[in-house]
Trainee: 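Submitted below is the structure of interest, expressed as structure tokens.
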Amino acid sequence: MQVRFWGTRGSIATPGPDTLRFGGNTSCVEVTTNAGACFILDCGTGARGLGAALMARGPKPLTATILLSHTHWDHIQGFPFFAPLFVPENRITVCGPEGSGRSLREVLSGQMEYTYFPVDIAQLPATITFQELGEGTHEIGGARVVAEYLNHPAMTLGYRIEADGAAVVYSCDHEPFSETLWHESPSPDHAESIVHEGDRRHARFMEGAGVVIHDAQYTPEEYPSRKNWGHSTYEYAVELAAAAGVRQLVLTHHDPTHDDAFVEEIEKRARECAKQLGGVVDVCCAYEGLNLAVEPHDAGHLARMPSAPHEGGDPQRGRRILVVDDDPDIRALANLALSQDGHIVIEACSGQEALAAIIAQAPDLLVLDLLMPGQGGLEVLKILRSNPATAALPVVVLTAMDDEANTRAGFEFGATDYVTKPFSIPQLAARVRACLKRSGTGVT
Ligand SMILES: [Zn+2]
Ligand SMILES: [Zn+2]
């Protein structure tokens with residue numbers, strides 16, 4: 001496989017003399033298999049240059065698959081400027097995460113309404129097929145494409161493309177699930193020493209990949225004031241890549257406020273971090289024009305992901321969600337986040353009230369606080385997990401206790417996910433959607 005970077009900037013295009021080296025165009029990466037299948041990871045403004053190159057290069061007509069991580073601006077703004085869409089014989093498949101509330105076609109059409117752009121999506125001459133993907137493995141363009149929900153305040157997918165005996169992972173935009181990555185006394189198997197199940201799953205997703213392209217928008221110093229914005233630090237990316245036996249890590253989605261000198265410094269610090277972890281991972285910061293050949297490697301490292309995407313439940317019906325918290329403000333905020341998302345929200349203000357509501361109302365998912373007067377969240381979890389009727393009920397723990405011991409205890413007691421306060425409305429909505437999808441009671 002060949003990988004080429006066309007856009008490396010996050011959030012907004014940042015052209016100018018200060019970004020000449022690493023580039024100012026937003027997210028776009030081209031992956032070509034040896035058999036000639038063309039994958040385009042995100043369609044930020046970098047997609048304009050890629051489109052022009054594909055038109056010049058051939059073959060004609062062109063067949064390509066666009067894999068959109070999500071539909072935030074910096075990942076779709078190049079779509080209307082992607083020249084192959086204007087050629088009648090070309091066949092373009094556009095894939096993106098399901099469950100965003102509106103269909104992928106509707107969202108992409110939105111940015112091409114006449115108010116914003118002169119050509120309506122229906123007028124594009126190429127044959128365009130839209131495919132909404134869930135988490136799991138998909139066969140696309142002769143390759144195995146594994147999708148994983150990322151931690152971002154929108155439904156967002158990471159992609160792992162496996163072809164030619166190698167794997168390339170693309171993971172933008174993504175934020176650590178927990179600020180504490182490792183157990184206090186890590187065991188020899190590094191991935192198993194990760195505190196949060198979400199970060200552990202993310203490490204497994206990268207396992208043994210030849211190239212991992214990872215969000216690294218912030219420095220560890222910047223991150224605390226940008227928590228819940230949905231982006232990673234280079235430190236997180238390097239530590240997970242090292243634990244996952246990744247050969248080469250390419251840091252991308254550079255912050256618009258970071259000039260070339262700053263990104264260069266990030267590269268230096270990330271390399272230092274990799275060196276301290278044994279120096280197995282080769283790290284660099286992505287720049288426009290960076291070309292990588294991904295060599296075949298040990299085929300034993302395949303992502304342990306479900307092989308079939310889950311289809312979810314009735315797409316039109318909201319799920320019944322029980323929010324358990326003794327703080328009325330938190331209940332109101334969670335209620336707002338989830339009812340805006342089309343769910344039916346029930347509230348309980350104590351463990352006892354929650355257990356009664358579970359029997360009476362049979363919710364599809366629980367959002368559960370840990371620290372409550374009387375019966376605490378962990379006790380409720382224990383009762384639920386020991387009863388066959390509720391053993392598999394998805395439970396999203398929502399708590400201010402973000403330390404290692406509590407996060408670990410939450411998962412040991414059977415939490416499906418662990419979200420720490422303060423949280424944002426889109427973040428909680430996206431995490432609940434991912435849990436529902438995984439449990440098979442999902443919405444689309
Ligand atoms: Zn982005
Ligand atoms: Zn985003």
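Both counts, for ligands and for their atoms, begin at 1 and track the order of listing.
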Trainee: For the Zn ion (ligand 2), what is the closest N, O or S atom on His70?
Mentor: NE2
Trainee: Only N/O/S atoms count here: what is the atom of His72 closest to the Zn ion (ligand 2) called?
Mentor: ND1
Trainee: Which of the N/O/S atoms in Asp74 sits closest to the Zn ion (ligand 1)?
Mentor: OD2
Trainee: Please evaluate residues Val281 and Val212 with respect to the criterion side-chain contact (heavy atoms from CB on, under 4.5 Å), reporting the C-alpha separation (whole Å), side-chain torsions for both, the decisive distance (0.1 Å), and the verdict.
Mentor: CA-CA 10 Å; Val281 196; Val212 168; over 6 Å; no
Trainee: To 10 degrees, how wide is the angle NE2 (His253) to the Zn ion (ligand 1) to NE2 (His75)?
Mentor: 110°
Trainee: Centroid-to-centroid, His174 to Tyr236, below 6.0 Å?
Mentor: yes
Trainee: Nearest to the Zn ion (ligand 2), which N, O or S atom of Asp173 do we find?
Mentor: OD2
Trainee: Is Glu135 salt-bridged to Arg438, going by a charged N under 4.0 Å from an acidic O?
Mentor: yes
Trainee: So that I know where these two stand, are His202 and His214 an aromatic pair - ring centroids less than 6.0 Å apart?
Mentor: yes
Trainee: Using the side chain to side chain contact (heavy atoms under 4.5 Å, CB included) definition, which of the options Leu366, Leu365, Asp364, Val419 pairs with Cys435?
Mentor: Leu365
